[in-house]
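Input: a single structure, listed below in structure tokens.
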Amino acid sequence: MALDRLATYLLQQRLLTRRQLEEAERTREFFGGELGSHCLKLGFLDEPALARALEAVTGFRYAGRDELLRAAPEALERLPPELARRHRVCPFGYEARSLKVAMLHPRDTAALADIERATGCRVEPWVTSEYRLEQALERHYKIRIGRPRAINLAPSPQRTIASPPPAPAGAPEVEIGLDGRPLDAEPDWDDPASHTIAAAGPAWSADAPADLTDRSEHGPDLLARLAERLARASSRDDVVQALLDFSVVQAPRAALLGLGREGLRVVGTRGRGLEPWRRPGAGPRLDAGGPFREVAQSSAPLRARLRPAPEVRGIFGGLADLPQEIALFPIQIRNRVAALLYLDGGEQTLPPLDSALFGRACAKAGMAFEILLLRHKLCGP
């Protein structure tokens, strides 16, 4: 296997094992895209580590969440959307006729020259990750980068697949997600029950350690068993149950929360005390300033302490006993946060958790959902 410069650097710095690299390469061959994106999604690297690696390999500064999601309007106005799409770049800063531009390949001289001609500005290239770039392009330009699937999922010869009716001439192809809605739509698990989304102040605190050591020595075995169950999954419920079973081995209570157009929907729960969430329309709310919205927007896991304030109890959907601490892990489908894995300690303190292990579990669950989507597209419901 030929190693690119990033892979070589990650191996040399012992940020990635050979086995992890092979797994990341397999997922890259399956889904396409950049190696760094799959290392993030699989939980092998966090963004700061990937940022340092990209800076070391390319020699350019890294543009992350703060730079790209808060891009200066005057910078965005100078680059036409068609150029941003063509070269997969996003401008984020402008000063004295100098345009800061985030790119996957900051040494692409042809792209830099094209941007300079179109904007009349001196271009200052920065490197960024594929995930951050796609997030910024969608946010600022409403551009969603499509990616071909480098896989062959030929249907079984025993099964007959009905051909869909032809689309009208000139109509764009619309890809439908697991929720039955176009993939270009905002993430939505399915048609959730109505939720009231009200603004609330930051009544939770994220001052608990974000990266803790797992007490169990059986994490890899648990992850392997989860992977086996996910590989056999034939429905969304199979994936949900497998992930919840994995979670309650390490945390007293767990729930899977689907992200919908109107808020959160409780898809499944494990552990005593979460019964109120199983009622129709019940469950946590996606309030502004709350931990659920924070993770949905940042795509980063979170461990947070809670204080027993009325606004916090409201966010947690009527739980009789508010937990002391919670942990939340995002689950992405097609690079969109579509669900959240929720963990808490119930009446006890939430035990130490291996955030990397749970990140990998959620990444595998997200891939399982994507595979189910592809099967559905090929073989029908």
Legend entry - Donor on one side chain, acceptor on other, Asp114 and His87, under 3.5 Å: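 Per modelled atom types, Asp114 and His87 side chains form a pair under 3.5 Å.
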Legend entry - Residue pair Ser247 / Tyr342, side-chain donor-acceptor N/O under 3.5 Å: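 Short answer, no.
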Inset, instruction - Report yes or no: do Leu302 and Leu322 belong to one cluster of Ile/Leu/Val/Met/Phe/Trp/Tyr joined by side chain heavy-atom distances under 4.5 Å? - result: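 Both belong to a single hydrophobic cluster.
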Inset, instruction - Answer yes if Leu54 and Leu42 sit in the same cluster of Ile, Leu, Val, Met, Phe, Trp and Tyr residues linked by side chain heavy atoms under 4.5 Å apart, and no otherwise. - result: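 Hydrophobic grouping puts Leu54 with Leu42.
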Salt bridge flag under 4.0 Å for residues [X] and [Y]:
X: Arg65; Y: Glu47; answer: no
X: Arg88; Y: Glu130; answer: yes
X: Asp245; Y: Arg225; answer: no
X: Glu55; Y: Arg61; answer: no
X: Arg336; Y: Glu138; answer: yes

Legend entry - Criterion side chain to side chain donor-acceptor pair (under 3.5 Å) on Arg78 and Thr119, from CA distance to verdict: CA-CA 6 Å; Arg78 279 168 169 75; Thr119 62; over 6 Å; no
Inset, instruction - Please work out whether the ring planes of Phe329 and Phe358 are parallel, tilted or perpendicular, with thresholds of 30° and 60°. - result: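 Geometry flag for Phe358 against Phe329: parallel rings.
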Inset, instruction - Taking side chain to side chain contact (heavy atoms under 4.5 Å, CB included) as the test, write out the residues that go with Leu137, two or more places apart. - result: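 Checked Leu137 against side chain to side chain contact (heavy atoms under 4.5 Å, CB included); matches are Ala84, Cys90, Leu133, Tyr141, Ile143, Ile145.
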Inset, instruction - Report yes or no: is the cationic atom of Arg360 (NZ for Lys, CZ for Arg) under 6.0 Å from the centre of the six-membered ring of Phe44, at an angle within 45° of the ring normal? - result: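 Judged by the rule (NZ or CZ under 6.0 Å from the ring centre, within 45° of its axis), Arg360 is not positioned above Phe44.
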Inset, instruction - Using a cut-off of 6.0 Å, state whether more than 12 heavy atoms not belonging to Glu95 lie near its atom CD. - result: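 Incorrect, the count does not exceed 12.
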Inset, instruction - Kindly give the cluster partners of Trp126, where membership spreads through any ILVMFWY side chain lying under 4.5 Å from a current member. - result: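 Members besides Trp126, by chain and number: Leu68, Phe92.
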